[in-house]
Asks: 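Mind looking over this structure? Questions follow.
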2 protein chains.
Amino acid sequence: MRTILVIEDDLALARGLVDNLRFEGLEASSVSSGEEGLARLRERPFDLLLLDLMLPSMSGFDVLRALSSLPTSPRVIVVSARDAEADVVRALDLGAHDYVKKPFGLSELLARVRAQLRELLGETLADELVFADVRVSLKRFRLWKGKKESLLSHLEVEMLRLFAARPDEPLKRSEIIRQAWGEDAYPSERTVDNFILKLRKKIEDDPARPRHLVTEFGHGYRFCPAG
Amino acid sequence: MRTILVIEDDLALARGLVDNLRFEGLEASSVSSGEEGLARLRERPFDLLLLDLMLPSMSGFDVLRALSSLPTSPRVIVVSARDAEADVVRALDLGAHDYVKKPFGLSELLARVRAQLRELLGETLADELVFADVRVSLKRFRLWKGKKESLLSHLEVEMLRLFAARPDEPLKRSEIIRQAWGEDAYPSERTVDNFILKLRKKIEDDPARPRHLVTEFGHGYRFCPAG
DNA sequence: CGAGACGTGACATCAGGGTGACACTTCCGC
DNA sequence: GCGGAAGTGTCACCCTGATGTCACGTCTCG
């Protein structure tokens, strides 16, 4: 289901928005400050952000600037009473995808929400890999476990890609090497163990007792997204 | 260069739009009916379509419906005097990406054009680029870090433009060369390193420990506006 | 000719990948 | 159960290729 976060300090408005979004079949929630909003966005990805500009302390512009440093940034519709053209231009140039002036017609806003969500369809979902409390951006070579961020090397990404494609299936080292390294590379099979070691340190709660990258004695390794 | 088609039967307005879009560095042209527009779109792809709703014979809604049958459909901003909410909803649900009501502010429309074009892979069109204590005017080839002003060369600007459009994403040297140098130039990939070096001297507090133009070992470079 | 922009090569440095060693675990036949 | 063989966890180290950095050559434009 599509997830939407509303950052709006007018609680009545926020509630109205959330209710209507839910009525549209979307998963919506709201917070009343930019700081809270960013905290929520860091916890887990959202598909769309409805953002007020005039917030206490941290402004909507600040939130826009901060978005790019998130693991996955949502699409953004700014919803603001500020109707000066300069504000619209600034918000859009800071990365907002749309700008709706208050007061707005509800059905128009919902249509704009649909238009933004429509873009998501195939956008980068192939890039994202999510299981348990781990998120991976294969394109950015980055992995987040809870709040901890790790960098991934090219080969680590290839291995994750391979495991994700064949969950719960034991993969032989030889197979892993062929798929991740390619046809023309022949490293020792023990090299795979080293990469498993590195990956476990990044994705397991307790790398010594792996629950996602499990050893299949004599048969290689198996990836269990569920744990 | 980005290509834009304007479908607008008010010739004065169409001409004004085209002029302003060209002034922004875009390749713009206009036609005055939906039929002509579709013919042009069938001839060759456009990146963006500015579409009036009230056209003679074939309406803007009809154009929207016809777009999906094109080999490559452009992004669409509807520009219309019809301000009924129902029209906005209908246009957006028919696939329009944005809807601007006449009369509109020119700078807002241009910002919305930039926002749409930004979604296409490639370079940002905004002139001002701001992050941390750095401000860049891409059109004037100037960069300010705090109070220090630097001049930028053509290629430095192109690289910044490219990085700005894809924040936090590692860009391969080959990709940087293709986008910033163009299709027909083939400098050594190490040339990119030299430009990174120059840019770091201009935008980093400590060029030896870059926080904005970060090396992604084996993958190229990544631009982190947030630092 | 001079200045700046661009491209290349050279050299030092660095990080990832690969290997081998050693300890520990699992399997299997007894 | 027991012991050996084979498989695996883990680490430190080396090597190669990638990168940081600079100097110099070339080109263009005034």
Side-chain angles (χ1 to χ4, degrees), chain A residues 141-143 150-160 162 170-182 184-223, chain B residues 138 140-143 149-162 170-182 184-223:
Chain A
F141 299 89
R142 268 170 176 64
L143 180 154
S150 312
L151 297 178
L152 298 173
S153 76
H154 170 65
L155 287 170
E156 287 170 331
V157 167
E158 288 308 315
M159 280 185 59
L160 281 177
L162 173 60
L171 298 177
K172 291 198 291 279
R173 286 167 228 278
S174 59
E175 198 167 353
I176 294 171
I177 287 179
R178 195 161 42 76
Q179 297 278 333
W181 270 255
D184 48 349
Y186 303 94
S188 148
E189 295 208 335
R190 299 308 312 284
T191 301
V192 175
D193 303 27
N194 280 280
F195 279 84
I196 293 290
L197 181 66
K198 287 189 224 175
L199 285 175
R200 279 176 177 161
K201 284 178 179 168
K202 293 172 182 176
I203 71 178
E204 299 286 358
D205 286 322
D206 179 359
R209 282 176 206 71
R211 298 190 312 132
H212 295 113
L213 277 179
V214 182
T215 304
E216 292 284 316
F217 197 93
H219 305 105
Y221 297 96
R222 185 164 52 92
F223 173 57
Chain B
L138 299 173
R140 292 157 65 194
F141 298 88
R142 273 178 171 68
L143 180 154
E149 179 175 356
S150 313
L151 294 179
L152 297 172
S153 76
H154 169 66
L155 286 172
E156 286 170 332
V157 166
E158 289 308 314
M159 280 184 59
L160 282 177
R161 200 191 290 283
L162 175 60
L171 299 178
K172 290 197 292 278
R173 285 163 228 275
S174 59
E175 200 167 350
I176 294 171
I177 287 178
R178 195 163 40 76
Q179 297 275 335
W181 270 255
D184 47 349
Y186 302 93
S188 148
E189 294 208 336
R190 299 308 312 284
T191 301
V192 175
D193 303 27
N194 281 280
F195 279 85
I196 293 290
L197 182 65
K198 287 190 229 173
L199 286 174
R200 278 177 178 162
K201 284 178 180 168
K202 293 173 182 175
I203 72 178
E204 298 285 359
D205 287 323
D206 178 359
R209 282 175 206 71
R211 298 190 315 132
H212 295 113
L213 276 179
V214 183
T215 304
E216 293 283 317
F217 195 93
H219 312 120
Y221 297 96
R222 183 167 55 92
F223 173 57

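Chain identifiers are assigned alphabetically (A, B, ...) following the order of the sequence lines, protein sequences preceding nucleic acid strands; residue numbering begins at 1 within each chain.
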Asks: Step through the shown structure and confirm whether more than 12 heavy atoms of other residues, nucleotides or ligands are within 6.0 Å of NZ on A/Lys172.
Replies: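 Incorrect, the count does not exceed 12.
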Asks: Describe the nucleic acid contact of A/Thr191 in one word from base, sugar-phosphate, nothing, applying a heavy-atom distance below 4.0 Å.
Replies: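 Base contact.
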Asks: Would you give the length of the straight line joining atom CH2 of A/Trp181 to atom NE2 of A/His154, rounded to the nearest 0.5 angstrom?
Replies: 9.5 Å
Asks: More 5' along DNA chain C: B/Phe195 or A/Trp181, using each one's nearest nucleotide?
Replies: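 So the residue in question is B/Phe195.
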Asks: Roughly what angle, to 10°, lies between the helix axis at the start of the helix from C/dC1-D/dG30 to C/dC30-D/dG1 and the one at its end, five pairs per end?
Replies: 40°
Asks: Run A/Met159 and A/Glu156 through side chain to side chain contact (heavy atoms under 4.5 Å, CB included) and show every step you take.
Replies: CA-CA 5 Å; A/Met159 280 185 59; A/Glu156 287 170 331; 5.8 Å; no
Asks: Can you tell me how far the CD atom of B/Glu216 sits from the OG atom of A/Ser153, to the nearest 0.5 Å?
Replies: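 If we round to the nearest 0.5 Å, B/Glu216:CD and A/Ser153:OG are 11.5 Å apart.
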Asks: Within this structure, what is the CZ-CZ distance for the pair B/Phe195 and B/Arg190, rounded to the nearest 0.5 Å?
Replies: 13.5 Å
Asks: For B/Leu213 versus B/Glu204, what's the shortest heavy-atom pair and its separation?
Replies: N-OE2, 2.8 Å
Asks: What distance separates A/Ile203 CD1 from A/Phe223 CZ, expressed to the nearest 0.5 Å?
Replies: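 Interatomic distance, A/Ile203 CD1 to A/Phe223 CZ, rounded to 0.5 Å: 6.0 Å.
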Asks: Nucleotide range of DNA chain C contacted by chain B, 5' to 3', under 4.0 Å to a heavy atom?
Replies: C/dA5 to C/dG16
Asks: Hey, could you give me the NZ/CG distance between B/Lys202 and B/Leu152, rounded to the nearest 0.5 Å?
Replies: 5.0 Å
Asks: Roughly how far, to the nearest 0.5 Å, is CZ of A/Arg200 from CG of A/Asp206?
Replies: 10.5 Å
Asks: Indicate for each nucleotide in nucleotides 18-28 of chain D, in 5' to 3' sequence, whether protein heavy atoms under 4.0 Å reach the base (B), only the sugar-phosphate (S), or nothing (-).
Replies: SBBBBB-----
Asks: Salt-bridge test for A/Arg173 and A/Asp193: reply yes if a basic N is under 4.0 Å from a carboxylate O, no otherwise.
Replies: yes
